[in-house]
Amino acid sequence: MKIYDTLQDALVDFVPRKEGEVSLYACGPTVYSHPHLGHARQAMTYDIMRRYLEWIGFDVVHVANITDIDDNIINRALDEGKTETEVAQYWEKVYIEAMDALNILPPNVRPHATDYVAEMIEFITTLVDNGSAYANDSGVYLRVRQVEGYGDLVHRTPDELAEGAGARVEVDDNKEDPLDFALWKAAKPGEPTWDSPWGAGRPGWHIECAAMALDILGDDFDLHGGGNDLVFPHHTNERAEAIAAGRSFSRYWLHNAMLNIGGEKMSKSLGNFDTIKDVLAQDPLNARALRLMLLQTHYRKTLEINDDVMAQAREGVKRLDAMVRKATNNGVDITSTERDAETFTRFREAMDHDFGTPEGMAVVFETVRRANGALDGGDEADQAQALALTAIELANVFGLDVAVGDSADDDDADQIESMVTARNEAKASKDYGEADRIRDELTAMGITLEDTANGTVWHRT
RNA sequence: GCGUCGGUGCCCGAGCGGCCCAAGGGAACGGCCUGCAAAGCCGUACAGUCGCGGGUUCAAAUCCCGCCCGGCGCUCCA
């Protein structure tokens with residue numbers, strides 16, 4: 001399969017470190033506030049990739065960290081009179097609940113930065129010992145200009161980077177060079193600290209991910225992903241640390257584009273974000289609608305979100321569900337292994353081209369249409385089961401959570417069933433006024449009826 | 001300013017040298033089905049400049065150059 005590698009700036013063949021296995025490190029959040037739709041896009045992007053890679057037979061080790069110590073957490077703790085640990089644990093819980101609600105599979109490993117401080121210190125020691133880093137009163141810094149190919153990930157030379165940095169960054173006299181960045185930050189009053197050979201302090205942001213990724217996945221791991229706003233400085237600096245330590249970092253770099261709202265990146269700092277929790281509360285279909293929307297846009301393309309596109313996506317989800325209901329009513333055997341091989345092939349071709357989910361979704365929807373036609377007794381009637389099961393399987397590879405099931409296990413199912421029966425009796429005696437009255441009543445209860453050749457079925461809206 | 005990604009129908013959005021008189025979803029319209037609806041199926045209208053202008057090529061939405069517009073990055077960020 002081909003993937004787009006940020007470092008090479010090209011579509012390249014994906015050759016994993018070890019045949020049949022994929023190691024993926026996707027940068028997780030700093031937990032200090034509400035996770036928003038931008039985090040959802042990032043997490044869902046790698047969730048979808050992971051599901052697909054597993055479906056085509058790879059053993060995937062997906063690592064997503066939790067950054068549980070940083071300035072934002074410290075500030076929040078200060079504001080609220082809590083400990084950093086309390087703040088981080090609370091927001092981590094909120095984050096994980098949001099991820100679960102979005103049907104994002106838990107990563108295989110979810111490391112916490114504070115559990116890897118020893119590894120980070122060891123990493124930094126290597127860098128200091130080999131002359132790549134230097135310590136002073138304010139911390140330990142990496143000598144960026146010594147790093148071969150620093151800036152390659154952003155396609156800029158150190159000089160070009162320095163030029164940009166001058167305008168926005170205060171010059172720090174503690175650094176030999178403005179480009180150098182902190183591996184270790186010396187303790188400030190009131191901050192949580194760890195002991196180190198350079199005095200009490202705490203790790204810098206970039207060393208956290210670099211140390212965790214290498215410790216858990218090992219050198220030369222396959223994929224490193226994150227939002228494209230992390231290319232510089234975060235990923236650039238992680239990479240620099242690994243190179244300076246003489247270690248092979250990720251074989252490929254993946255970056256998802258931003259999610260915009262009102263023409264700008266949704267972000268905490270701009271304050272223009274919709275929290276995942278709020279969006280999910282607005283409509284029970286929104287978790288799946290958001291996923292569908294993301295699937296229908298390539299992960300490397302900026303996506304503008306608004307109420308309109310969410311509504312459109314909800315309709316798409318309903319279309320998927322309607323086919324599944326039709327399949328259920330027509331007695332499709334979910335234990336059957338019948339599938340449409342050609343559809344699988346087309347799906348894989350789409351996905352093997354840098355995770356072409358929009359085209360993959362097109363294949364799914366096209367299969368839904370064919371399955372509907374077949375289930376209604378069209379030209380492909382003999383393929384109905386295979387087509388329906390194929391569409392369902394592929395939608396589920398994407399985590400769209402469609403399932404052949406019955407809605408009869410609800411608490412008020414008996415009542416609804418008897419109302420449906422009453423309506424059908426009214427219909428039989430051509431008392432359409434009564435039939436419509438019952439239907440309206442059900443509609444008010446959030447129940448939608450469908451009169452099919454196999455009788456009347458209902459579902460919740 | 002520098003780097004980078006992008007500008008495709010009413011909306012969202014694929015395609016990235018011929019298979020494109022441009023996928024898929026949403027909305028719209030007509031037909032079938034239905035007691036009527038809904039759902040579904042079939043069909044139709046939408047892209048006549050694929051941001052604009054040049055160029056390369058037998059062939060360009062797709063490649064090259066210039067311009068305009070927008071996103072992201074330039075040390076908080078997914």
Side-chain angles (χ1 to χ4, degrees), chain A residues 6 9 26-30 32 35-46 70-72 75 151 154-157 160-170 178-179 181-182 205-206 225-234 236-237 255-260 263-270 292-293 295-298 300-306 308-319 321-323 325-326 350 356-366 368-370 372-378 427 430-432 435-436 439 443 448-453 457 459:
Chain A
T6 309
D9 189 23
C27 283
T30 300
Y32 68 98
H36 58 68
L37 260 23
H39 299 103
R41 180 175 201 186
Q42 189 271 150
M44 244 184 217
T45 296
Y46 299 101
D70 119 311
D71 291 339
N72 291 308
N75 291 337
V154 262
H155 310 294
R156 314 220 60 195
T157 63
E160 287 168 337
L161 285 165
E163 206 176 307
R168 278 174 65 148
V169 182
E170 291 172 45
L179 240 36
F181 62 89
W205 180 29
H206 319 302
N228 69 191
D229 55 347
L230 296 184
V231 174
F232 186 88
H234 188 49
T236 293
N237 289 349
H255 290 97
N256 58 283
M258 296 294 100
L259 186 143
N260 282 192
E264 285 182 309
K265 177 171 85 160
M266 181 177 288
S267 71
K268 285 175 185 168
S269 50
L270 287 172
L292 178 58
M293 196 170 76
L295 285 162
Q296 290 189 303
T297 305
H298 189 83
R300 283 193 288 113
K301 189 164 170 177
T302 306
L303 170 62
E304 172 79 25
I305 192 172
N306 54 49
D308 211 37
V309 297
M310 278 302 290
Q312 291 181 186
R314 262 182 252 125
E315 293 308 310
V317 170
K318 287 182 193 170
R319 178 165 167 76
D321 287 347
M323 187 281 283
R325 281 198 303 278
K326 190 187 282 283
T357 60
E359 210 176 325
M361 263 328 292
V363 171
V364 171
F365 275 114
E366 200 177 299
V368 165
R369 177 172 50 69
R370 289 172 63 195
N372 276 324
L375 290 163
D376 281 341
K427 272 174 65 179
K430 297 204 186 326
D431 184 356
Y432 297 123
D436 289 349
R439 186 167 64 194
T443 302
T448 301
L449 298 184
E450 288 177 52
D451 291 332
T452 77
V457 296
H459 66 94

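Sequence lines set the chain letters: A, B, ... in the order given, protein chains first and strands last, and positions in each chain run from 1.
- His36(A) and Ser267(A) get closest at one heavy-atom pair: NE2-CA, 3.9 Å.
- What separates CZ of Phe181(A) from P of rC76(B) is a distance of 13 Å, to the nearest Å.
- Rounded to whole Å, the C1' atom of rC77(B) lies 12 Å from the corresponding atom of rC72(B).
- rG71(B) and rC19(B) have their P atoms separated by 35 Å, given to the nearest Å.
- Here Asp321(A) pairs with Arg288(A) under the side chain to side chain donor-acceptor pair (under 3.5 Å) rule; sequence neighbours left out.
- Across the protein-nucleic acid pair, Leu270(A) atom CG and rG73(B) atom C1' stand 13 Å apart, rounded to whole Å.
- Between rC10(B) and rA22(B), the two P atoms lie 15 Å apart (nearest whole Å).
- Distance from the side chain of Met266(A) is smallest for rA78(B) among the nucleotides rA78(B), rG25(B), rU75(B).
- Comparing His36(A) and His155(A) against RNA chain B, the residue whose closest nucleotide sits nearer the 5' end is His155(A).
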Listing time: all N or O pairs from protein to nucleotides 34-39 of chain B that are below 3.5 Å?
unit_1  : atom_1 : unit_2    : atom_2 : d
rG35(B) : O4'    : Tyr432(A) : OH     : 3.2
rG35(B) : O6     : Arg423(A) : NH2    : 3.4
rG35(B) : N1     : Asp436(A) : OD1    : 2.9
rG35(B) : N2     : Asp436(A) : OD2    : 2.8
rC36(B) : O2     : Arg439(A) : NH2    : 2.9
rC36(B) : N3     : Arg439(A) : NH1    : 3.0
rC36(B) : N3     : Arg439(A) : NH2    : 3.2
rC36(B) : N4     : Arg439(A) : NH1    : 3.4
rC36(B) : N4     : Asp451(A) : OD2    : 3.4
rA37(B) : N6     : Asp451(A) : OD2    : 3.1
rA37(B) : N3     : Arg439(A) : NH1    : 3.0
rA38(B) : N1     : Asp451(A) : O      : 3.3

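- Taking atom C1' on both nucleotides, rA28(B) is separated from rC74(B) by 46 Å, rounded to a whole Å.
- Residues that satisfy the side-chain contact (heavy atoms from CB on, under 4.5 Å) test with Asp436(A), not counting sequence neighbours, are Arg439(A).
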message: I need a per-nucleotide contact map over nucleotides 12-23 of chain B, read 5' to 3'. Cutoff is protein heavy atoms under 4.0 Å; write B for the base, S for backbone only, - otherwise.
response: SSSS-------B

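- As a whole-Å value, the separation of Asn372(A) CG from rG43(B) P is 14 Å.
- Smallest separation of non-hydrogen atoms from Thr302(A) and Ala257(A): N-CB, 3.5 Å.
- The two residues Leu295(A) and Thr357(A) come nearest to each other via the heavy atoms O-OG1, 2.8 Å.
- For the P atom pair drawn from rC33(B) and rA27(B), the interatomic distance equals 23 Å after rounding to whole Å.
- With both ends at atom P, the span from rG70(B) to rG26(B) equals 33 Å, rounded to whole Å.
- Not counting sequence neighbours, the partners of Asp376(A) by the side chain to side chain donor-acceptor pair (under 3.5 Å) test are Lys326(A).
- Residues passing the side-chain contact (heavy atoms from CB on, under 4.5 Å) test with Ala362(A), sequence neighbours excluded: none.
- Evaluation of the side-chain contact (heavy atoms from CB on, under 4.5 Å) rule for Val309(A) yields Met293(A), Ile305(A), Asn306(A) as partners, not counting sequence neighbours.
- Annotation: rC16(B) and rC21(B) have their P atoms spaced 15 Å apart (nearest Å).
- Rounded to an integer number of Å, the gap from CZ of Arg370(A) to P of rG24(B) is 13 Å.
- For the pair Leu295(A) CG and rG25(B) P, the computed distance is 14 Å after rounding to whole Å.
- Residue side chain Lys268(A) does not reach the base of rC76(B) through any donor-acceptor N/O pair under 3.5 Å, judged by distance alone.
- Judged as a side chain to side chain donor-acceptor pair (under 3.5 Å), and not counting sequence neighbours, the contacts of His255(A) are Thr6(A), His235(A).
- Not a single side chain to side chain donor-acceptor pair (under 3.5 Å) links Glu264(A) to another residue, sequence neighbours left out.
- Nucleic acid contact for Gly226(A): sugar-phosphate only, since backbone atoms but no base atoms lie under 4.0 Å from a heavy atom of the residue.
- An OP1 or OP2 oxygen of rU75(B) is reached within less than 4.0 angstrom by no side-chain nitrogen or oxygen of Trp205(A).
- Residues that satisfy the salt bridge (Lys or Arg N to Asp or Glu O under 4.0 Å) test with Arg370(A), not counting sequence neighbours, are Glu380(A).
- Applying the 3.5 Å distance criterion, the base of rC76(B) shares a donor-acceptor pair with the side chain of Ser269(A).
- Taking Lys318(A) as the reference, Leu285(A), Glu315(A) meet the side-chain contact (heavy atoms from CB on, under 4.5 Å) condition, with sequence neighbours excluded.
- When the P atom of rG6(B) is taken as reference, atom CE of Met258(A) falls 15 Å away, rounded to whole Å.
- Under a 3.5 Å cut-off, the side chain of Thr236(A) and the backbone N or O of Val231(A) do form a donor-acceptor pair.
- Note: CD (Gln42(A)) to P (rC72(B)) measures 17 Å, nearest angstrom.
- Judged by closest nucleotide on RNA chain B, Asn260(A) is the one of Asn260(A) and Phe232(A) placed further toward the 5' end.
- Within the 4.0 angstrom heavy-atom criterion, base atoms lie near Asn256(A).
- In this structure, CG of Asp229(A) is placed 15 Å from P of rG71(B), rounded to the nearest angstrom.
- On the P atoms, rG18(B) is 25 Å away from rG66(B), given to the nearest whole Å.
- In this structure, of rA78(B), rG71(B), rC74(B), it is rC74(B) that holds the atom nearest to the side chain of Pro233(A).
- For Asn256(A) (side chain) and Arg300(A) (main-chain N/O), no donor-acceptor pair under 3.5 Å exists by modelled atom type.
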- line: Intra- and inter-strand pairing of RNA chain B, written as dot-bracket with Watson-Crick and G-U pairs under 3.5 Å and | for the latter, reads ((((((((.[[[..)..(.....]]].(((((.......)))))......[[[[[..)....]]]]])))))))....

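- Phosphate proximity of rU4(B) to Arg300(A): absent, as no side-chain N or O sits under 4.0 Å from OP1 or OP2.
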